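Per chain, numbering begins at 1; letters A, B, ... match sequence-line order. No experiment lies behind these values; they were computed from the predicted model shown.
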Amino acid sequence: MSDLRYDPKAIEPKWQDVWARERTWEVSNDPDGRDSYYVLEMLPYPSGEPHMGHLKNYALGDAVAHFNRRVGRRVLHPMGYDAFGLPAENHAIRTGEHPRDSTQKSIESFQRQFRQWGISIDWTREFGTHEPRYYKWTQWLFLKLCERGLAYRKEAAVKWCPNDQTVLANEQVTAEGTCERCGAVVEARQLEQWFFRITDYADRLLDDLDGIDWPGNVKVMQRNWIGRSEGAEVTFRCEQLGIDYPVFTTRPDTLFGATFFVMAPEHPDVMKLVEGTDREQSVRDYVNHALTESNEERGAADKPKTGVALGRTVTNPVNGEQIPMYVADYVLMEYGTGAIMAVPGHDERDFAFAQAHGLPVKRVIGDPEGGELPYTGDGPLVDSHPDFDGMGNRAALEAIVAWLDREGKGHASVNYRLRDWLVSRQRYWGCPIPVIHCPACGTVPVPEEDLPVELPDVTDYKPRGKSPLAAVDDWVNVPCPRCGGAARRDTDTLDTFVDSSWYFLRYCDANNDDASWDRRVLAEWMPVDQYIGGVEHAILHLLYARFFTKAFADMELLDAQEPFQALFTQGMITRDGAKMSKSKGNVISPATYVDRYGADTARCYILFIGPPDQDADWSDEGVEGVHRFLARLWRVGAELAAGGAPAAAESLDATRLAGADLTLVRKAHWAIDKVTNDMAGRFAFNTAIAAAMELVNEVYRHRESAGEVAQRFAVATAASLVFPFAPHVASEVYELLTGARVWEQPWPSADPQLLESDTFELVCQVNGKVRDRVPAPATASREELEALARAQPNVQAHVDGHEVVKAVVVPGKLVNLVVR
RNA sequence: GCGGGUGUGGCGAAACGGUAGACGCGCCGGCCUUAGGAGCCGGUGGCCAGGUAGAGGCCACUGUGGGUUCGAAUCCCUCCACCCGCACCA
């Protein structure tokens, strides 16, 4: 019967042409009464060819987009490219090829493959972040942040990557102190750089996590990164030099237990404190050694606590005690004030230091368990002060802070781990910073009408501690916009995370030449209803984008407080159980499979492979299975279509169905219900596809026994349900059977009457073990079900000779007889 | 160390506290074929039984050990393994 062959190479281009010709997936910004829905996948960095992670990302997003269109929403599903960045620039350094050219080639490859995959994108909104029409507005937004004081310059100890020859944001340095991009060990440098004042938003970035539908682990990572801790700032005075040293502590309740004081090696006063004393040499040696140690060496928690005494003391403000000062590398300059009060009785680290240096350990909190020091739990204050002794330490903490405040010795304080975001980069391939430095006027913004400041071409891409832009004299030297005198452009470029922190806003109004966007248009789309991407952006991109959104909301440029209402983080695609990498030689390309089996198979398989938030191992045999399924769907559709004129699929009279027809139509409604729930409530695409497979299997099982009309209905339904995953073959089959376009059809709805059968299989248990199964009427009463169960021979065999002490009846499910 | 997650057949995985293993892979068998690495149908935990039958029965099983419940992969506690995040943050 079947010399019919499923031929994706013919089907897929056919439908891609229809969608392109008819601009099917374009969406206007004018409201039309439907709910708007914005689904977005993280924009790709265009390098080489798309990989399996991209296929998964866009297959997921496209399924969400299609489903939402068909349930009646107006869906925005755009695409663009995160096109500035180091890989293209490093390629230019090696080959001399302009980053614009290599980037353009990659973008074209991505475009070609996205079209081959049949992803439903509104291409009218496409852009690359490297295009002047986009970065003009990146620059404009930068100036807005300046105006508001959220962008500023300061000199600071910054992280410098010696390999990439540029500074990095804190977020771009790993816990081991290496460059997040290239792995080189990061150095410290004192430089004047541009920062964004993200710390102003620390509390809101923290608090607003509660209102968004994000994976818990991503929220935890952001909370950790922001690192809010509440406590007090307390001032310790060094009488000998007459200098006050504030410290931050979360445990002001232990102030009376402070027995020494420690400064970070980087603290600017350390050398001043020992100058001209017999300690000067030993302290200098220690500090110099500490400064040469890498973060990794220094950060090891189990490392012995080293340090040297400064030979000075400070006064403990609560009791006037003189306590000795030390410099030690376990105190970090970046956190708090770079100095701490040490309470060895109630802090493990201080305890370790005290042990190593023979310092006194004092108990000021009682331990109800009577354990040894250090004790970090709760308890009543002891040996502190008559006013506080006996008070629970939590209450004492509040009381002591209030007392410090009254006495002017301290105050309640909140500290954050989060630092301001360093955005200058001494590199070429990025967005120029739209600022001019004038010897007379200082830092002057480029006037709005002169934007964009276009990136000039250079011949030498090699960075030499300065951006290659610094060598372009006729670009750098410009008159000051304010006084007209000779001035120089800022030669750094912006961190590429700046580009990607607002692209989702630009998509809404991508072709607006007069503004970054129209606020009313954004109100229509923002926030993004569903954002999809990899968990590797949990901190960097996702935190920056939230900051930008809040800052722009404060400037009344937009209304949303959060960029991404819901976030889905996809798992990795692995190969042979390992991450794909060139060095392991286990990289496989989506193009191979799209070419061999078609895009529908590749997309469907990547969704069928398992729960999409989990890592999944690619299997060539698994791909075959999914391909077989799509081929079966197509073939039975083609056979049915060849058998006669298209029949209207919806006109089935449920009350007249019987036998195989009824079974088949029921199965179709069961599948509708299953797929709808799997799509709407959760990202359970694997089980949704399994349900469609069951429906197609059911059709084959009833090829001889069921009528033509029922079979057509079932197959058309299967095609309709599979459309979000395999849009080409679904469109083809649906058209063959109904003459209509599946994407123009509303999402099918399950008929509740057909979901319920008038009989069900009653499970008969004795003491929780299944002893029989028997068909039972759905309308049977509890008593009737129990009687039916008791009547089953195998049930009787297990009940005989025992007393039934209880009968649990779950209507529609089972009867459990408890015997003794 | 702290926080979070995962653990189910040979494999990827399903399973509102109610028939564990849907669906797919692999494997075995049959049909169709000149042929088939195509297609279609069936089987696939163990043990016992069954020869023309209306064919079944029993047992085991969701990392370990306990608990709650008529009933637990699912809820609670213990432990083990692996993965992820944070980690001298005062």
- Are Cys604(A) and Ile689(A) close enough that some pair of their side-chain heavy atoms sits under 4.5 Å apart?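 Counting from C-beta outward, Cys604(A) and Ile689(A) do come under 4.5 Å.
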- Query: Is the closest side-chain heavy-atom distance between Ile226(A) and Leu543(A) below 4.5 Å?
  - Reply: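 Yes. Closest side-chain heavy atoms under 4.5 Å.
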- Produce a footprint string for nucleotides 6-24 of chain B: one letter per nucleotide, 5' end first; B if the base is under 4.0 Å from any protein heavy atom, S if only the sugar-phosphate is, - if neither. ------BSSS--BB--BBS
For [X], which residues count as a ring-ring contact (aromatic ring centres under 6.0 Å, His included) partner, sequence neighbours excluded?
X: His346(A); result: none
X: His267(A); result: Tyr245(A)
X: Tyr597(A); result: His627(A)
X: Trp618(A); result: Tyr593(A), Tyr605(A)

- Tell me whether rG9(B) sits syn or anti, counting syn as a glycosidic angle within 90° of 0.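 Syn, angle within 90° of zero.
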Work out how far the [atom1] atom of [N] is from that of [M], and round it to whole angstrom.
N: rU68(B); M: rU74(B); atom1: P; answer: 15 Å
N: rG18(B); M: rG56(B); atom1: C1'; answer: 24 Å
N: rC79(B); M: rG7(B); atom1: C1'; answer: 14 Å
N: rG46(B); M: rG37(B); atom1: C1'; answer: 33 Å
N: rC2(B); M: rC61(B); atom1: C1'; answer: 36 Å
N: rA87(B); M: rG4(B); atom1: C1'; answer: 15 Å
N: rA22(B); M: rA14(B); atom1: P; answer: 13 Å
N: rA38(B); M: rC32(B); atom1: C1'; answer: 11 Å

- Looking at CG of Leu762(A) and CD of Gln792(A), how far apart are the two atoms once the value is rounded to the nearest 0.5 Å?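 Here the interatomic distance stands at 8.0 Å.
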Please report, rounded to the nearest Å, how far the [atom2] atom of [N] is from the [atom1] atom of [X].
X: Arg820(A); N: rC70(B); atom1: CZ; atom2: P; result: 13 Å
X: Phe353(A); N: rC88(B); atom1: CZ; atom2: C1'; result: 12 Å
X: Leu633(A); N: rC40(B); atom1: CG; atom2: P; result: 12 Å
X: Met572(A); N: rC84(B); atom1: CE; atom2: P; result: 9 Å
X: Met333(A); N: rA90(B); atom1: CE; atom2: P; result: 16 Å
X: Arg703(A); N: rG39(B); atom1: CZ; atom2: P; result: 16 Å
X: Asp613(A); N: rG5(B); atom1: CG; atom2: C1'; result: 10 Å
X: Gln792(A); N: rG54(B); atom1: CD; atom2: P; result: 19 Å

Contact class for [X] (heavy atom, under 4.0 Å): base, sugar-phosphate, or nothing?
X: His627(A); value: nothing
X: Ser619(A); value: nothing
X: Asn767(A); value: nothing

- Message: Dot-bracket, 5' to 3', for RNA chain B please: Watson-Crick or G-U pairs under 3.5 Å, [ ] where pairs cross earlier ones, | where the partner sits on another strand, dots elsewhere.
- Response: (((((((..(((.....[....)))((((((.......))))))((((.......))))...(.(((..]....))).))))))))....
Contact under 4.0 Å: [X] side-chain N or O vs [N] OP1/OP2:
X: Arg5(A); N: rG39(B); answer: no
X: His798(A); N: rG57(B); answer: no
X: Arg771(A); N: rC58(B); answer: yes

Only counting residues at least two apart or in another chain, list the ones meeting side chain to side chain contact (heavy atoms under 4.5 Å, CB included) with [X].
X: Ala578(A); value: Lys584(A), Asn586(A)
X: Thr376(A); value: Glu348(A)
X: Val414(A); value: Arg228(A), Glu230(A), Tyr416(A)
X: Ala684(A); value: Asp678(A), Arg682(A), Asn686(A), Thr687(A)

- Residues within residues 215-234 of chain A bordering RNA chain B, heavy-atom distance below 4.0 Å: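 Contacts with RNA chain B under 4.0 Å: Met221(A), Asn224(A), Ser229(A).
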- Residues which pass salt bridge (Lys or Arg N to Asp or Glu O under 4.0 Å) with Glu803(A), listed by chain and number, not counting sequence neighbours: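 So Glu803(A) forms a salt bridge (Lys or Arg N to Asp or Glu O under 4.0 Å) with Arg820(A).
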- Does Met341(A) or Val818(A) map to a spot on RNA chain B nearer the 5' end, using the closest nucleotide for each?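 Final value for this comparison: Val818(A).
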- Any salt bridge between Asp244(A) and Lys409(A), counting N to O under 4.0 Å?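 Answer for the salt bridge query: no.
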